[in-house]
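Quick notes on the structure that follows.
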Amino acid sequence: MKDAHAQSAQFRTCGIPVAVWLVATAWLMAAGPAHGETPVAEDGHPRHVIPFLKANCSECHAGDDPDSGVSLDALFQESDVEQNRTLWQDALKQLRAGAMPPAEAPRPDQQQVELITAWIDSELFSVDCDAPVDPGLVTIRRLNRVEYGNTIRDLLGVEFRPSGSFPTDELGAGYDNNGDALTISPLLMEKYLDAAARIAAEAIPAEEDAELPLTTLAANDLAGGGHHDGARVLTSHGEITATWTNDRPGLYKVRIEAFGDQAGDEPANMQVTVDGRQVREFAVPATRDKPQTIVLRLPLQEGQRRLGLAFTNDYYVPEHPDPARRDRNLWVGEVQVIGPIVPPNKSSAFYRSIEPLLPPPAHFPLVPEDRQAMEAATREILASLLPRAYRRPVEADQIERLTRFLVTNVEAGDSYSLAMQRTLQVVLISPKFLFRDEAGGETQSDQANRPIDEFALASRLSYFLWSSMPDETLHRLAAEGQLRANLAQQVTRMLADEKSQALIDNFAGQWLHTRQLQTMTPDAKQFDGYDEQLAAAMRAETLHFFAAILREKRPLVELLDADYTYLNERLARHYGIDGVEGEQIRRVKLSDRRRGGVITQAAMLTLTSNPTRTSPVKRGKWILEQILGDAPPPAPANVPELEEAEGELTGTLRERLEQHRTNEVCASCHRPMDPLGFALENFDAIGRWRDTEGKFPIDAVGELPDGSRFEGPVGLKQLLVKRKDDFRKALARQLLTYALGRGLEHFDVCAVDEVCQQTKEDGDTLAAMVVAIAESDPFQFQRAVRPEELRSEEQGATR
Amino acid sequence: MSSTWRIPRRTFLRGLGTVVALPALEAMRPLSAFAAAKSAAVTAPKRVAFLFVPNGMNMNLWRPEGVGGDYQLSPTLQPLADHKGYFSVLSGLTHDKGRANGDGAGDHARAVATFLTGAQPHKTDGKDIRVGVSVDQVAAQQIGGQTELPSLEIGCEAGRLSGGCDSGYSCAYSSNISWRTESSPMTKEVDPRAVFDRLFARGTTADVGAAEHRRDEHRQSVIDFVMEDAKQLKKRLGGNDRRKLDEYLDSIRHVERRIEHGIDDNKQQRPTLRRPDGVPREYAAHIRLMSDLMVLAFQTDTTRICTYMIANAGSNRSYPFIDVPDGHHYLSHHGSNEDKLAKIAKIDRFQIEQFAYLLKRLKETPDGEGNLLDNSMIVYGSGLADGNRHEHHNLPILLAGRGGGSLQPGRHIRYDDETPLMNLYVSLLREMGCQIDSLGDSTGALGQL
């Protein structure tokens, strides 16, 4: 059942009592400055803005139950605009669009509105670009799925595709490389551990693994001594024996669980023999509550073998003052025989690089010479691996800690390869690998802004252009402090490298939304031509097109309109273009300019449609947001999006939409949005050309609020090309967002303007824009962490 | 006695220095006979699950006639006829925090973000994502330690791959219902094969002996090492960066805890399900397979707490196989169009059919003295009522299972308007044995259950 709340009328006109309004306006007119001056007093105080808002908005947007849930109460307080930035921005958008106050309410004087909006705009967005500008703060970014896979490839030469197993990376500001939105969940951590184990095993062939044949001899399978408590015990000199049969000769691993009842002044001693031949002698200092495991690596023949475990230092002094130290005995639990150990014959680029450094096969247990050789080799391997894996120099103690880790594993019975595998696992789940640590040692600074160090810069560049770690050249230049000095040249080199395909797949795939294409499900009845092959060709068209403009240094305006595109036979037929044969995507010259440019590509036209029909609103919104950088404000709460609110209306979709746009509230936002989509109505929901919608002919004329008219895709593209400056700026904002891994803030306007300026001067190409972004302040600098911020959180850090 | 050799695994690891990778000791594994005897003696635990469906419902065909025990099932709820004695329809419950409350558009994102948290999500596209701890995670934090996995998060739709989700709300809000802190979602798993592997892979490998134990021991040593790295790194970082390192540390501790919990050789049944091949092409098969996995996780007592998103908030998935080729979200703004309303009802009913399958599977599975459904409390519903108007009150909510005798299902219960949905969760948490005064915008516990 519906209660009163639900009925709170969606389109309720909230009439402002005329008297109130008149008074307020009169006050504003009287007290306000003359026309043409700013309505704001010299002291910067919004003396006139608050009365204006109160007069025009508070009837509906104040108090406990404000319309659409939007209350401006917070703005009525005299406070720093910064505190309510979002609300001020919304108010600004609504006022500017003329959407508020609603048409039914008395209209404030348009000049007053302009003065007021000018003030809000200047308070909100003015940044003095000549003063030091905040470069922003990028939250530490973990590698996303793509970056993880690429980094593993470049670090180790191992192919690993996390997209099949890691959870989807959350998007922030439209991209999956946003530091704020990327989180680590317990599920992802489990995946990291699994991946690290699998990758390490792939990178370093180890002689042994879990799948080796295993023979377990429990206490009752052994002979000799007494049998108690699930173990065997020698209470005087004697021997426990294990007997088993090997199928094949080879290297075997033997594990023995043991402990002693300790007495006298030395630990229990165990002598190990194989087929009567002594191989080693061990002290067994372990006790009942913490047994120890002894591991031997032994070359053994096939056939029946006999392992002897002799107790050689019996001690029994019943008169010892400490009753617990009177009787020494040796206990043996279980014996395991694992093998034969077969070296696998696979190798990675990483393995080939460390192979010459590997220490000679060690004795077991380690003798001092073995240990020294092993430690030296390990240090050398880690000294080369760690700075690459962590993408910055490492301190000596990190190498030492890991070296100790490796050697301890060898001491516990692992081969060197297996211990190195495990060490690599540690590296791969270290936060220093998983996160891009841009701080190096230095986060604090007395300066507000600090240039990021050259290693961080190398990482920013390589993850921006390659979605992967820096290569040797970048790393070397950073180490020499020469990267900044050679930035443009390095960007050019990196773009020429095939790894820059990552920029195309990941930036363009998200900016233009082609990644989402795989989830689209056009109605099979209406669009029986649509299948995965066609979708793949659509995606390929867009990405090839973007790649050509980037790589061939073509003018970026060609993204909007061009006389060529990329097709295979399937997609060409979809477009009604003859003469393209085969599955191969290739460049095709277009004589008909209704196609050409991203807006008329099938991928975009499909992505902005519903499964059963086109959506001029979605198409218009997409163009506004992604191409012109002019996002409409979201529809007010509880007001269904325009096209979705349709009731029983008739005519073409366009006519139905236009009927709705008679509503002023809707119209203010939809007037600049829908006409862009109407111009594309000749393209159906999967991007095929059509002349009619059902029985109605398509009307593809669009008219914007400023009166500019255009018809069909050709007319729309001409209009957009005229707004080239807006497009360049929109693209710069998108690319900068992607490059930084953070959403843009108002102060970034300086950087965006500079990037646009530089791009224009340098040929107006996408490649020039990439260089300009790499050279921009937000890319080069980071807001410094204030020392007190570190201190104040110190307590929180100790957990 | 053999107990001499029964060594607590953790003690053993510590004794030899945590960086040592140890070989397996058979002694550390409880004997299966012993374990079986132990588990038989324990009364069956209670399980709790929360299932979310997006975009609201066609409420006209959802809401049943009459209240109390002899109410009439609505057309949408007909597929549940066989289970009528096993679930109740709860009407009148509200999520006030799903409403705009000054935040403007974005009802879909809010409806899901608030579904299990009862908190108003902070409107952001990335920076300062914040909502509240969800009911399942409160349970996981308080009683999740009793099982190998504190909780399980599953779904049938991966997060978006590009673009935005809803009116300036981060996609993190739209694709998660489970939040372990107010800023960290519990990522869900959508591939049945991956869920299976996570739950059971170690139990099905050929070599049940040393390999499994060693894997965990290796992991433990690796974990100890990187914890130190994380702490070092964290010291140098400020603000948001620290929060990210905290997420890392929390997640590492989760893995550590799972290892410490040890391998459940006393998982009473080995999985009766074949290892899935991946995501089934058919949506119904996907939903059912995920339901099977939830049942298995409960049956084997691998976890007692589960959240399950049938689809993400605002999902525009089409349902051509039931003759609904249109997008779900698009339809939900029906504008009272009869054709659209009929199609929404078809989707609602399709989803209820899948829910009926889950209930049937739970009912068929013996547990303790009765069956799994007897010992479960399963919430099913949407954060929106009518999708057209984005209603956040009088939500469509079902509560199935007997909760080990604590619930009396089989009724349509009509609560006062504006009763917080969170009150239901407070009641369920208490039934699970959690200490809880309030959660989100709850005003108390919910009576009459």
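Note on naming: letters A, B, ... go to the chains in the order of the sequence lines (proteins, then strands), and numbering restarts at 1 for each one.
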* Asked: Is the NZ atom of B/Lys127 crowded by more than 12 outside heavy atoms at less than 6.0 Å?
  -> no
* Sort A/Gln518 into side chain, backbone, both or neither according to what part of it lies under 4.5 angstrom from a heavy atom of chain B. => side chain
* Structure fact -> Separation between CD1 (A/Ile429) and CE (B/Met227), nearest 0.5 Å, reads 10.0 Å
* To do: Mark yes or no for whether B/Asn240, through its side chain, and A/Thr139, through its backbone, hold a donor-acceptor pair below 3.5 Å.
  => no
* Residue pair B/Asp250, A/Met189: steps toward the side chain to side chain contact (heavy atoms under 4.5 Å, CB included) verdict -> CA-CA 10 Å; B/Asp250 286 349; A/Met189 188 56 77; over 6 Å; no
* To do: May I ask you to decide if A/Thr183's main-chain N or O and B/Glu247's side chain share a donor-acceptor pair within less than 3.5 Å?
  => no
* **Donor-acceptor contact present, side-chain A/Arg401 to main-chain B/Phe225, <3.5 Å** => yes
* Cationic N near anionic O, under 4.0 Å, A/Glu190 to B/Arg258 -> yes
* **Contacts of type salt bridge (Lys or Arg N to Asp or Glu O under 4.0 Å), residue B/Lys188, not counting sequence neighbours** => none
* Contact leader toward chain A among B/Gly163, B/Gly159, B/Gly387, where contacts are heavy-atom pairs under 4.5 Å -> B/Gly163
* Pairwise side-chain contact, B/Asp229 with A/Tyr390, heavy-atom cut-off 4.5 Å (strictly under) -> yes
* Proximal component of B/Leu149, with respect to chain A [non-hydrogen, under 4.5 Å] -> side chain
* Region of B/Pro185 that comes under 4.5 Å of a non-hydrogen atom in chain A -> both
* **Interface residue of largest heavy-atom contact number with chain B, from A/Ala173, A/Gly164, A/Ser71, A/Ser165, under 4.5 Å** => A/Ala173
* Asked: Side chain, backbone, both or neither: which part of A/Leu188 has a non-hydrogen atom closer than 4.5 Å to chain B?
  -> neither
* If you measure from the Lys or Arg side-chain nitrogens to the Asp or Glu carboxylate oxygens, is any gap between A/Lys525 and B/Asp323 under 4.0 Å? -> yes
* Side chain, backbone, both or neither of A/Glu745 within contact of chain B (heavy atoms, under 4.5 Å) -> side chain
* **Over all atoms of both residues, closest heavy-atom pair of B/Asp125 and A/Gly174** => OD2-N, 3.9 Å
* **Residue B/Ile129 versus chain A: region with a heavy atom under 4.5 Å** => side chain
* Structure fact -> Whatever's closer than 4.5 Å to a heavy atom in chain B on A/Phe435 counts as side chain
* To do: Taking the side chain as every heavy atom from C-beta outward, state whether A/Thr612 and B/Tyr330 have any pair of such atoms under 4.5 Å apart.
  => yes
* **Distance in Å, A/Ile184 CD1 paired with B/Leu249 CG, rounded so as to fall on 0.5 Å steps** => 9.5 Å
* To do: Under the side-chain contact (heavy atoms from CB on, under 4.5 Å) rule, collect the residues that match up with A/Leu434, sequence neighbours excluded.
  => A/Tyr148, A/Tyr192, B/Tyr248
* Taking all non-hydrogen atoms of both residues into account, name the closest pair between A/Pro431 and B/Leu233 and its distance. => CB-CD2, 3.9 Å
* **B/Asp326 with A/Arg613: basic N within carboxylate O range, under 4.0 Å** => no
* Would B/Arg160 and A/Leu171 satisfy side chain to side chain contact (heavy atoms under 4.5 Å, CB included), going step by step from the backbone distance to the final call? -> CA-CA 8 Å; B/Arg160 257 188 90 94; A/Leu171 306 172; 4.0 Å; yes
* Please name the pair of heavy atoms, one in A/Gly509 and one in B/Ser162, separated by the smallest distance, quoted to 0.1 Å. => O-CB, 4.0 Å
* Structure fact -> Bottom line for B/Glu153: the part with an atom under 4.5 Å from chain A's heavy atoms is neither
* For the candidates B/Ala385, B/Pro150, B/Ser251, B/Gly126, which exhibits the highest count of non-hydrogen atom pairs separated by less than 4.5 Å from chain A? -> B/Ser251
* Structure fact -> Scanning both residues in full, the closest heavy-atom pair of B/Pro325 with A/Pro611 reads O-CB, 3.2 Å
* Asked: What's the shortest heavy-atom distance between A/Ser185 and B/Thr187, and which atoms?
  -> OG-OG1, 2.5 Å
* **B/Arg317 side chain near A/Thr519 side chain, heavy-atom distance below 4.5 Å** => no
* Which bit of B/Arg180 comes within less than 4.5 Å of chain A, counting heavy atoms only: side chain, backbone, both or neither? -> side chain
* Spell out, as yes or no, whether a donor-acceptor pair under 3.5 Å connects the side chain of A/Gln516 to the backbone of B/Leu161. => yes
* Do B/Lys244 side-chain atoms and A/Asp180 backbone N/O form a donor-acceptor pair below 3.5 Å? -> yes
* Asked: Taking atom types as modelled and ignoring hydrogens, do the side chains of A/Glu170 and B/Ser170 form a donor-acceptor contact shorter than 3.5 angstrom?
  -> no
* Structure fact -> From the list A/Met520, A/Arg742, A/Gln398, A/Arg515, the residue making the most non-hydrogen contacts under 4.5 Å with chain B is A/Arg515
* To do: Select, from A/Val427, A/Asp169, A/Leu182, the one with the greatest count of heavy-atom pairs under 4.5 Å involving chain B.
  => A/Leu182
* **Proximity breakdown for B/Asn101 and chain A, heavy-atom pairs closer than 4.5 Å** => backbone
* Any idea which of B/Gly92, B/Cys171, B/Gly164 has the most non-hydrogen atom pairs under 4.5 angstrom with chain A? -> B/Cys171
* How far apart are the closest heavy atoms of A/Thr168 and B/Ala158, and which atoms are they? -> OG1-CB, 3.4 Å
